[in-house]
Undergrad: 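Below you will find the structure I want to go over with you.
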Amino acid sequence: MAQTADAIIIGAGVIGAATAFELAKAGYKTISIDRNREAGHGSTSGSCAIIRVHYSTLEGTAFAWEGYHYWRDWADYLAVSDERGVAKFMECGCAVMKTAENAWLEKHAANCDELGIPYAHWGPDEIKAALPLYDLSRYYPPKRPEEDGFAEPTGGELPGALHFPTAGYISDPALSAHNLMRAAEAKGSRFLLGETVVEILKSGGRVSGVKLASGEEIHAPVVVNIAGPASRQINEMANVTGDMTITTRALRQEVTHLPAPEGYYATEGGLVISDSDIAAYSRPEQGSNILVGSEDPPCDPKEWTNDDLDYNREFTEQWRIQALRQAQRVPDLGIPSRMKGVVDLYDVTEDWIPIYDKSSLPGFYMACGSSGNQFKNAPIAGKLMTGLIDYCEAGNDHDERPFVLRMPYIQRDADTRFYSRKREINKESSFSVLG
Ligand SMILES: Cc1cc2nc3c(=O)[nH]c(=O)nc-3n(C[C@H](O)[C@H](O)[C@H](O)COP(=O)(O)OP(=O)(O)OC[C@H]3O[C@@H](n4cnc5c(N)ncnc54)[C@H](O)[C@@H]3O)c2cc1C
């Protein structure tokens, strides 16, 4: 006899595991399936896991502000112990440089004012106090080394930054997914690890389960696609892409791991930095190191891939370019000859805003297109998916009368049309990993 559940979740990354936990708390018997042998070993494990509260849209900011609180209260949220320990939220704060590119962060500040998010305006003196070695010369627009003027200042200095104290990063992103798996299991969820979904089963005009590579079938009236960079293949398997105006594609990324020069950060905990003038974000990493990621400037070619398993996992010239861009700020930055860091995939939509939605196939749902910026939102995304599934399975038409999510910490409603698979491209987006 086939195993049965109330809901199957494809993917046990941080968003998949959070959704299993939230569904289980709402009374669903869930089975999560992941082809990896460990939870969180998909793109979650490659994540920089930065928790920040600034986005270019008000909806995105509100979601991230709600999301911050679950990490702040992580152990209480889980309400269960994990034999591997609990992921740590390093709340070191985040400084975002004001540039013409981000319109001097005026919109971000207005979003924070509306939502009551704490922040401070920093001038050059405050930036230098936090980052004594930081050269504030402007380099915009970002270039590649082969272009004239690479690493040459373009005139003037950064005028300041916004500093957000309620920000930081999660020390071990894969562990956070494991924590969520243990929390979900404590509520009765099951996890089938090392199993690959190869078919979405249908019956009577709706989804009825999945078939595994082993040939085994698992039956359930609800199936949720949280397959990260494989989301497109799963949606194609379910044949639900026909009515989607927003789609997902896997995009290759490199994160550069560098030793931090002595005195780089003024405080021991360091600082998350977003600097669109040099198209780089960075955060402290254990052992006096920094991780440097790209803010996807137009000059860098994008490496899309149709196969989320078969792509180049070696570092390329991009690794060095990110190091050189960071060295514009800190000329003493040592760039080691041995490349260390991460090569992984984002699951990107046209406007870099995720899809949290139902589909054209009754019972089939998707939480995908996380576009390199939804780790922080995993718990609230899990709540959104649970409320949405409840709402649709009760017979409501979410496309016609969208589900409204009350965000419990910030006591505000989330407009779920923002995450619709049928939305128009959101022109307010940064069209980058910044969301
Ligand atoms: C380099 C990098 C840096 C990032 N930095 C940040 C950051 O600083 N802050 C932030 O908020 N976000 C960041 N992100 C984004 C964030 O990590 C992701 O949004 C999040 O981890 C996605 O979680 P997920 O559960 O949706 O997907 P994943 O963790 O990718 O999990 C999907 C799972 O589905 C499984 N799967 C796929 N296909 C199948 C199948 N057919 N059968 C069974 N299992 C299947 C995979 O094995 C995988 O484990 C970053 C991402 C990357 C790659």
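Order of appearance sets the numbers: ligands from 1, and atoms from 1 within every ligand.
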Undergrad: For atom 21 (O) of ligand 1, what is the closest protein heavy atom, and at what distance to 0.1 Å?
TA: Thr44 OG1, 2.9 Å

Undergrad: Under 3.5 Å between some N or O of ligand 1 and some N or O of Arg35?
TA: yes

Undergrad: Heavy atom of Val433 under 4.0 Å from ligand 1?
TA: no

Undergrad: Could you list which atoms of ligand 1 come closer than 4.0 Å to a heavy atom of Gly13?
TA: 25 (O), 29 (O), 31 (O)

Undergrad: One thing to verify: whether Asp300 and Arg325 come together as a salt bridge, which I'm taking to mean a side-chain N less than 4.0 angstrom from a carboxylate O.
TA: yes

Undergrad: Which of the listed options, Ser370, Ala213, Ala378, Ser371, holds the heavy atom that is closest to atom 22 (C) of ligand 1?
TA: Ser370

Undergrad: Tyr55 ring centre to Arg52 NZ or CZ under 6.0 Å, with the angle to the axis within 45°?
TA: yes

Undergrad: Considering only heavy atoms of Ile234, which atoms of ligand 1 have at least one such atom less than 4.0 Å away?
TA: 41 (N)

Undergrad: Using a strict 4.0 Å threshold on nitrogen-to-oxygen distance, state whether Arg206 and Glu393 make a salt bridge.
TA: yes

Undergrad: Output a table of donor-acceptor pairs, distance under 3.5 Å, between side-chain atoms of residues 162-174 and any protein atom two or more places apart or on a different chain; print 'none' if there are none.
TA:
| from | atom 1 | to | atom 2 | distance (Å) |
| --- | --- | --- | --- | --- |
| Ser171 | OG | Lys88 | N | 3.2 |
| Ser171 | OG | Lys88 | O | 3.4 |
| Asp172 | OD1 | Ala174 | N | 3.4 |
| Asp172 | OD1 | Leu175 | N | 3.1 |

Undergrad: Are the charged groups of Arg252 and Glu254 less than 4.0 angstrom apart, N to O?
TA: yes

Undergrad: Can a non-hydrogen atom of Arg283 be found less than 4.0 Å from any atom of ligand 1?
TA: no

Undergrad: Would you please name every residue forming a ring-ring contact (aromatic ring centres under 6.0 Å, His included) with Phe375, sequence neighbours left out?
TA: Trp71

Undergrad: Could you tell me the residue and atom name of the protein heavy atom closest to atom 50 (C) of ligand 1, and the distance to it rounded to 0.1 Å?
TA: Ser47 OG, 3.5 Å

Undergrad: With a cut-off of 4.0 Å, which atoms of ligand 1 are near a heavy atom of Gly16?
TA: 25 (O)

Undergrad: Hey, is Arg423 close enough to Asp415 for a salt bridge, meaning N to O under 4.0 Å?
TA: no

Undergrad: I'd like the name of whichever of Gly435, Ala49, Ser43 reaches closest to atom 30 (O) of ligand 1 through any heavy atom.
TA: Ser43

Undergrad: Provide the number and element of each atom of ligand 1 under 4.0 Å from a heavy atom of Val255.
TA: 1 (C)

Undergrad: Quick one: nearest non-hydrogen protein atom to atom 5 (N) of ligand 1, plus distance?
TA: Cys48 N, 3.1 Å

Undergrad: Below 3.5 angstrom, do we get any N/O pair linking Ala12 and ligand 1?
TA: no

Undergrad: Provide the number and element of each atom of ligand 1 under 4.0 Å from a heavy atom of Ala230.
TA: 37 (C), 38 (N)

Undergrad: Nearest protein heavy-atom contact for atom 11 (O) of ligand 1: which residue, which atom, what distance?
TA: Lys376 NZ, 2.6 Å

Undergrad: Tell me which part of Asn373 gets within contact of ligand 1: side chain, backbone, both or neither, using heavy atoms under 4.0 Å.
TA: backbone

Undergrad: Below 4.0 Å, non-hydrogen atoms only: which portion of Gln233 touches ligand 1? Side chain, backbone, both or neither.
TA: neither

Undergrad: Charged N to carboxylate O under 4.0 angstrom, Lys29 versus Asp6?
TA: no

Undergrad: Are Glu83 and Arg182 within salt-bridge range, i.e. N to O under 4.0 Å?
TA: yes

Undergrad: Please state which option from Ala227, Pro354, Gly293 has its nearest heavy atom closest to atom 32 (C) of ligand 1.
TA: Ala227

Undergrad: Look at atom 52 (C) of ligand 1 and say which protein heavy atom is nearest, naming residue and atom and giving the distance to 0.1 Å.
TA: Tyr346 CE2, 3.4 Å

Undergrad: Purely on distance, is any nitrogen or oxygen of Gly11 under 3.5 Å from one on ligand 1?
TA: no

Undergrad: Enumerate the atoms of ligand 1 whose separation from the nearest heavy atom of Gly46 is less than 4.0 angstrom.
TA: 1 (C), 2 (C), 3 (C)

Undergrad: Mind checking whether Phe63 and Tyr356 have parallel, tilted or perpendicular rings, split at 30° and 60°?
TA: tilted

Undergrad: Angle between ring planes, Tyr119 versus His121, binned at 30° and 60°: parallel, tilted or perpendicular?
TA: perpendicular

Undergrad: Is the shortest distance from a Lys or Arg side-chain nitrogen in Arg421 or Asp399 to a carboxylate oxygen in the other one below 4.0 Å?
TA: yes

Undergrad: Just let me know how Leu345 lines up against ligand 1, side chain, backbone, both or neither, with a heavy-atom cut-off below 4.0 Å.
TA: backbone

Undergrad: Short list, please: which atoms of ligand 1 are under 4.0 Å from a heavy atom of Pro229?
TA: 30 (O)

Undergrad: May I ask you to identify the nearest protein heavy atom to atom 40 (C) of ligand 1, giving residue, atom name and distance to one decimal place in Å?
TA: Val197 N, 3.8 Å

Undergrad: Just distances here: any N/O of Ile15 and N/O of ligand 1 closer than 3.5 Å?
TA: yes

Undergrad: Which ligand 1 atoms does Asn36 reach within 4.0 Å, using its non-hydrogen atoms?
TA: 47 (O), 49 (O)

Undergrad: How far is atom 9 (N) of ligand 1 from its nearest protein heavy atom, and which residue and atom is that?
TA: Ile50 O, 3.1 Å

Undergrad: State, yes or no, whether a side-chain contact exists between Phe364 and Val224 at a heavy-atom distance under 4.5 Å.
TA: no

Undergrad: Checking side-chain polar atoms at under 3.5 Å, does Tyr346 have a donor or acceptor matched by the opposite partner on Asn373?
TA: no

Undergrad: Please list the nearest protein heavy atom to atom 35 (C) of ligand 1 with its residue and the distance rounded to 0.1 Å.
TA: Asp34 OD2, 3.4 Å

Undergrad: Do the side chains of Leu345 and Gln253 get nearer than 4.5 Å, heavy atoms only?
TA: no

Undergrad: Side chain, backbone, both or neither: which applies to Ala367 and ligand 1 if a contact is any heavy-atom pair less than 4.0 Å apart?
TA: neither

Undergrad: Mind checking the CZ-NZ spacing from Arg249 to Lys302? Nearest 0.5 Å is all I need.
TA: 10.0 Å

